[in-house]
Amino acid sequence: MMAYKKDVQYPMDIVADRLKNIPSYLFMQMREKIRQTQAKGVDLISLAIGDPVEPTPDYIIEAMREAVLDPANHQYPTDEHKGMLVFRKAVARWYGRKYGVPLDPETEVLALNGLKEGIHHFIMATVNPGEIVLTTDPGYPAYKANIQLAGAEPFDVPIVEKNCFLPAFEDIPEKVCRKAKAFFLNYPNNPTGACADAAFYARLVAWAKKHQILLLNDNPYSEIVFPADRRQSLLQAPGAKDIAVEFNSLSKAYNMTGWRIGMAVGSDKIINAMSRFKENVTSGIFNAIQLASIKAMDDGDRAIENMLTIYQRRRDMVRRVFDEIGIMTKGGDGTFYLWIAVPSGSTSLEFATKLLDEASVLVTPGIAYGQYGEGYFRVSLTVPDNRLEQALERIRKAVKKG
Ligand SMILES: Cc1ncc(COP(=O)(O)O)c(C=O)c1O
């Protein structure tokens with residue numbers, strides 16, 4: 001007879017242990033806060049979430065329309081979990097054209113149902129329970145949650161202003177390096193806006209090879225860099241493909257957050273492991289989305305430049321107002337976020353709460369991204385200019401009032 005649940009409990013404990021210690025996802029909480037505040041009739045302006053408000057460009061919508069009309073695209077996606085070969089070829093073209101990185105579409109490219117899912121698949125495919133995964137603090141909250149879900153151990157590597165928000169990875173203790181399987185990075189960086197350069201990546205790859213640590217650069221903001229010639233891929237570093245992958249996404253560059261399409265590129269061994277994991281959990285991405293995304297990547301440079309003009313204008317607007325009210329906005333060179341020092345005397349949460357209560361403006365307190373985020377708050381530039389102007393005016397009044 002099969003041994004079965006020795007101590008039956010009433011009521012039944014439905015939630016798995018692996019989920020119990022994971023806090024609810026930060027941006028879900030934010031969306032709930034927005035919903036509740038708006039339900040009270042408050043005219044809330046949210047500068048807290050990075051979701052571009054401008055529509056997906058017309059030429060991509062047109063390609064989607066055509067693809068949807070073709071019944072062949074209504075069946076299971078071609079090449080299933082890997083992504084259509086034509087899509088993978090377009091990704092390889094894009095990386096070749098933009099970064100001079102050659103990629104084999106058969107073995108070095110994998111389609112993702114949005115970049116975020118790739119984070120989970122990477123860890124499940126490469127990291128064993130009990131192994132360490134290095135992440136930066138502050139950092140995108142999905143890394144740590146997925147490391148914990150996989151039974152691995154997150155280790156925070158601080159990124160601080162005096163190091164231009166780049167990790168001092170050479171200072172990570174030897175005993176941590178020995179247990180570490182992978183290192184999650186994200187440049188251009190959310191939330192700090194910092195960018196990494198070629199020299200940093202070259203040092204990082206050499207260090208990772210020495211310690212046998214896999215590298216993952218989460219790079220959805222690759223195109224949102226000021227000036228654009230600072231754009232960089234980790235895969236440009238010599239030997240990177242031996243040990244690294246980069247994730248990218250059409251979400252931010254082409255205003256396609258709702259479409260859920262991204263890609264993992266780099267080391268064929270990591271791509272193969274992820275692919276073997278994915279074949280068991282997903283059947284791929286709607287062909288029509290992949291076909292429209294090919295068009296986006298092949299013909300989208302003008303659309304990206306237009307978006308950069310918009311974000312540059314909004315960066316200037318925010319900086320001007322914060323300068324006037326005496327709040328430092330050094331900011332980084334990348335992403336559509338500004339990482340701003342909290343005025344002295346309050347914590348990031350107190351300051352964000354003050355803006356919410358007194359100005360009906362929602363910003364993200366730095367502490368939400370980790371302990372080294374304390375002392376800062378993040379402003380997203382993905383709201384229309386007129387709403388940003390109103391938000392800034394309200395912030396100015398609230399800060400002046402003290
Ligand atoms: C650092 C970072 N990685 C990943 C994502 C998610 O990207 P995607 O929409 O492609 O899943 C975001 C979205 O905000 C992000 O900021």
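In each ligand, atom 1 is the first atom listed, and ligand 1 is the first ligand listed. Count residues from 1 along the sequence.
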No-hydrogen, no-angle side-chain donor-acceptor test under 3.5 Å, Asp51 and Thr257: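 The criterion, which ignores hydrogens and geometry beyond distance, is satisfied for Thr257 and Asp51.
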Pair Tyr99-Arg231, side-chain donor/acceptor within less than 3.5 Å: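 Short answer, no.
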Minimum distance, heavy atoms only, to [atom]: which one of [options] is it?
| atom | options | answer |
| --- | --- | --- |
| atom 9 (O) of ligand 1 | Gly50, Pro220, Ala253, Ser251 | Ser251 |
| atom 1 (C) of ligand 1 | Asn189, Ile261, Thr335, Asp218 | Asp218 |
| atom 16 (O) of ligand 1 | Tyr221, Phe336, Tyr337 | Tyr221 |

side-chain hydrogen bond (donor to acceptor under 3.5 Å, both in side chains) pairs, two or more places apart, involving residues 160-178: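 Checked against side-chain hydrogen bond (donor to acceptor under 3.5 Å, both in side chains) - neighbours excluded - the pairs reaching residues 160-178 are Glu161-Lys330, Glu161-Tyr376, Glu170-Arg203.
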Given that the side chain starts at C-beta and the backbone is N, CA, C, O, which of these parts of [X] lies under 4.0 Å from ligand 1, counting heavy atoms, or is it both or neither?
| X | result |
| --- | --- |
| Glu117 | neither |
| Asn186 | side chain |
| Phe247 | neither |

Asn386 CG: over 12 foreign heavy atoms closer than 6.0 Å: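 Yes, CG of Asn386 has more than 12 neighbouring heavy atoms, counting only those of other groups under 6.0 Å.
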Heavy atom of Tyr143, distance to ligand 1 below 4.0 Å: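 Judged by the 4.0 Å heavy-atom criterion, Tyr143 does count as contacting ligand 1.
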Within-shell test, Thr257 vs ligand 1, heavy atom, strictly < 4.0 Å: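 Contact absent.
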Check: Ala142 main-chain N/O paired with Asn146 side-chain donor or acceptor under 3.5 Å: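 Side chain of Asn146 to backbone of Ala142: a pair is present.
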Lys354 backbone acceptor or donor facing Glu358 side chain under 3.5 Å: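 Judged by distance alone, no pair lies under 3.5 Å.
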I need the atoms of ligand 1 closer than 4.0 Å to a non-hydrogen atom of [X], numbered in the order shown.
| X | answer |
| --- | --- |
| Ser249 | 8 (P), 10 (O) |
| Lys116 | 11 (O) |
| Leu115 | 4 (C), 7 (O), 8 (P), 10 (O), 11 (O) |
| Arg260 | 8 (P), 9 (O), 11 (O) |

Please tabulate, for the side chains in residues 82-89, all donor-acceptor contacts under 3.5 angstrom to protein atoms that are two or more places apart in sequence or on a different chain.
| from | atom 1 | to | atom 2 | distance (Å) |
| --- | --- | --- | --- | --- |
| Arg88 | NE | Gly83 | O | 2.9 |
| Arg88 | NH1 | Pro105 | O | 3.1 |
| Arg88 | NH2 | Gly83 | O | 3.2 |

Pair Asp156 + Lys144, salt bridge at N-O below 4.0 Å: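 Counted as a salt bridge, because a side-chain N and a carboxylate O are separated by less than 4.0 Å.
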